[in-house]
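Here is the structure we will look at, set down as structure tokens.
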Amino acid sequence: MDELVSCILSQHTSDLNSFPAFHRLKAHYKDWQDLIDRGQPELAEVIKAAGLANQKSKNIIRCLAEIKEKNGDYTLDNLRTMEPLEARAWLMELPGIGPKTASIVLCFSLDMDILPVDTHVYRVTWRVGFIPENSGESKAHDLLLKVVPKGLAFRFHMDLIHHGRAVCKAPVPHCEQCPITQYCRWFKHGGPENRRKELRSRRKRVGA
């Protein structure tokens with residue numbers, strides 16, 4: 001439950017904003033029922049540092065209410081007996097929960113072999129050539145399940161986040177530091193150099 005609520009807070013913001021908001025929420029309420037009883041306006045004020053506080057507070061309260069209605073308590077233990085894709089589908093029926101949030105909860109809190117796709121995982125995998133560039137993060141969750149060997153979803157997720165942050169960066173990657181350029185479709189087709197040319201052209205236009 002903590003992971004689910006923390007993920008909702010992290011949507012469309014950075015960890016620097018969402019983590020303090022989550023810790024403040026946990027300190028402010030004695031339990032999930034207390035949070036619901038004290039209402040959405042108060043919750044929005046408590047989590048405002050995470051941004052989009054009105055929408056996130058509504059989604060948190062609606063998620064908690066639906067979980068309580070379905071499971072009889074504020075628990076996700078029912079997911080432990082499900083297959084990963086079944087559990088993901090169950091979570092995605094909750095308000096504001098997409099494949100990324102659902103997969104994070106299952107992978108990190110329930111040790112399920114299911115891959116969360118964030119912006120770094122998506123960028124590295126389409127550049128290398130595992131998935132089409134225009135597939136989108138949402139579809140990438142299912143596409144990559146066919147690529148990643150069983151039992152390696154968590155490791156794959158963490159390694160690609162690290163690689164995306166440190167080497168395969170969004171504007172222009174550090175290909176000279178990359179150990180897998182010989183396998184990278186984007187590198188072989190001149191993607192990095194094309195991106196540099198594009199950025200130089202933009203700077204000239206702005207300067208003009």
Side-chain angles (χ1 to χ4, degrees), residues 2-23 50-52 83-85 87-88 91-92 96-203:
D2 279 4
E3 190 71 58
L4 179 67
V5 172
S6 178
C7 282
I8 294 173
L9 291 175
S10 72
Q11 294 169 354
H12 307 293
T13 191
S14 69
D15 292 346
L16 292 175
N17 296 324
S18 67
F19 284 176
F22 176 73
H23 292 312
L52 301 175
E83 292 298 316
L85 291 181
R88 190 183 71 178
L91 285 171
M92 288 174 61
I97 305 302
K100 176 184 171 183
T101 295
S103 297
I104 288 174
V105 172
L106 297 175
C107 182
F108 283 72
S109 290
L110 296 174
D111 297 322
M112 290 191 181
D113 192 36
I114 197 161
L115 178 69
V117 179
D118 74 344
T119 185
H120 301 292
V121 173
Y122 175 61
R123 182 175 65 254
V124 175
T125 51
W126 75 250
R127 282 180 174 174
V128 171
F130 289 156
I131 58 175
E133 179 179 354
N134 61 354
S135 60
E137 289 182 29
S138 183
K139 289 183 179 179
H141 284 83
D142 289 328
L143 294 173
L144 286 171
L145 284 177
K146 301 174 183 178
V147 174
V148 181
K150 290 187 179 300
L152 293 181
F154 175 78
R155 179 177 174 183
F156 191 85
H157 173 79
M158 297 303 296
D159 285 350
L160 288 194
I161 285 180
H162 175 74
H163 189 66
R165 287 175 175 172
V167 179
C168 198
K169 296 188 175 185
V172 178
H174 300 304
C175 295
E176 70 282 358
Q177 300 175 17
C178 182
I180 59 171
T181 51
Q182 61 180 314
Y183 308 110
C184 180
R185 181 176 61 188
W186 197 59
F187 178 81
K188 290 180 179 178
H189 288 82
E193 185 54 36
N194 291 337
R195 180 59 58 84
R196 291 186 182 92
K197 290 178 181 177
E198 178 185 334
L199 292 174
R200 286 195 294 266
S201 178
R202 285 184 192 173
R203 294 190 191 104

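Note that CG of Leu110 and CD1 of Ile104 are 13.0 Å apart. Values are rounded to the nearest 0.5 Å. To the nearest 0.5 Å, atom CG of residue Leu145 and atom NZ of residue Lys150 are 8.5 Å apart. In this structure, the separation between CG on Asp15 and CG on Leu9 is 11.0 Å, given to the nearest 0.5 Å. We find the NE2-CD1 distance between His163 and Ile161 to be 13.0 Å, quoted to the nearest 0.5 Å. If you take CD1 on Ile8 and CD1 on Ile97, they are separated by 4.0 Å, rounding to the nearest 0.5 Å. Once rounded to the nearest 0.5 Å, the distance linking CZ of Phe130 with NZ of Lys146 reads 15.5 Å.
Listed here is the closest heavy atom pair of Ala102 and Met92: CB-CG, 3.9 Å. Taking every heavy atom of both residues into account, His157 and Leu115 meet most closely at CB-CD1, 3.6 Å. Among all heavy-atom pairs drawn from Pro132 and Tyr122, the shortest one is O-OH, 4.3 Å.
Under the 3.5 Å distance criterion, the side-chain polar atoms of His189 are matched with a main-chain donor or acceptor of Arg185. When atom types are taken as modelled, the side chain of His141 and the backbone of Val117 share a donor-acceptor pair closer than 3.5 angstrom. Remark: side-chain polar atoms of Ser103 are paired, donor with acceptor, to backbone N or O of Pro99 under 3.5 angstrom.
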### Task
Take Asp2 and Phe22 through the test side chain to side chain contact (heavy atoms under 4.5 Å, CB included) and record every step on the way to the result.
CA-CA 9 Å; Asp2 279 4; Phe22 176 73; 3.8 Å; yes
### Task
Report the C-alpha distance between Arg165 and Asp118 in whole Å, list the side-chain angles of each, state the deciding distance to 0.1 Å, and finish with yes or no for salt bridge (Lys or Arg N to Asp or Glu O under 4.0 Å).
CA-CA 12 Å; Arg165 287 175 175 172; Asp118 74 344; 5.3 Å; no
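Atom CD of Glu83 has 12 or fewer heavy atoms from other residues, nucleotides or ligands within 6.0 Å. Surrounding NE2 of His12 are at most 12 heavy atoms belonging to other residues, nucleotides or ligands under 6.0 Å away.
Annotation: side-chain contact (heavy atoms from CB on, under 4.5 Å) contacts of Ala87 (sequence neighbours excluded): Leu79, Met82, Leu106, Met112. Applying the side-chain contact (heavy atoms from CB on, under 4.5 Å) rule to Cys107 yields the partners Ile114, Pro116, Phe154; only residues at least two apart in sequence or on another chain are considered.
Annotation: side chain of Pro173 is in contact with side chain of Trp186 (closest heavy-atom distance under 4.5 Å). Cys168 is not listed as a side-chain neighbour of Leu160, based on a closest heavy-atom distance of 4.5 Å or more. Thr125 is listed as a side-chain neighbour of Phe156, based on a closest heavy-atom distance under 4.5 Å. With contacts defined as side-chain heavy-atom distances shorter than 4.5 Å, the pair Val124/Arg127 does not qualify. No side-chain heavy atom of Gln11 sits under 4.5 Å from any side-chain heavy atom of Ser18. Residues Asp142 and Arg88 are in side-chain contact: their nearest non-hydrogen atoms beyond the backbone lie under 4.5 Å apart. Counting only heavy atoms from C-beta outward, the side chains of Lys100 and Ser10 never approach each other to under 4.5 Å. Residues Arg123 and Thr119 have side chains in contact (heavy-atom distance under 4.5 Å, counting atoms from C-beta outward).
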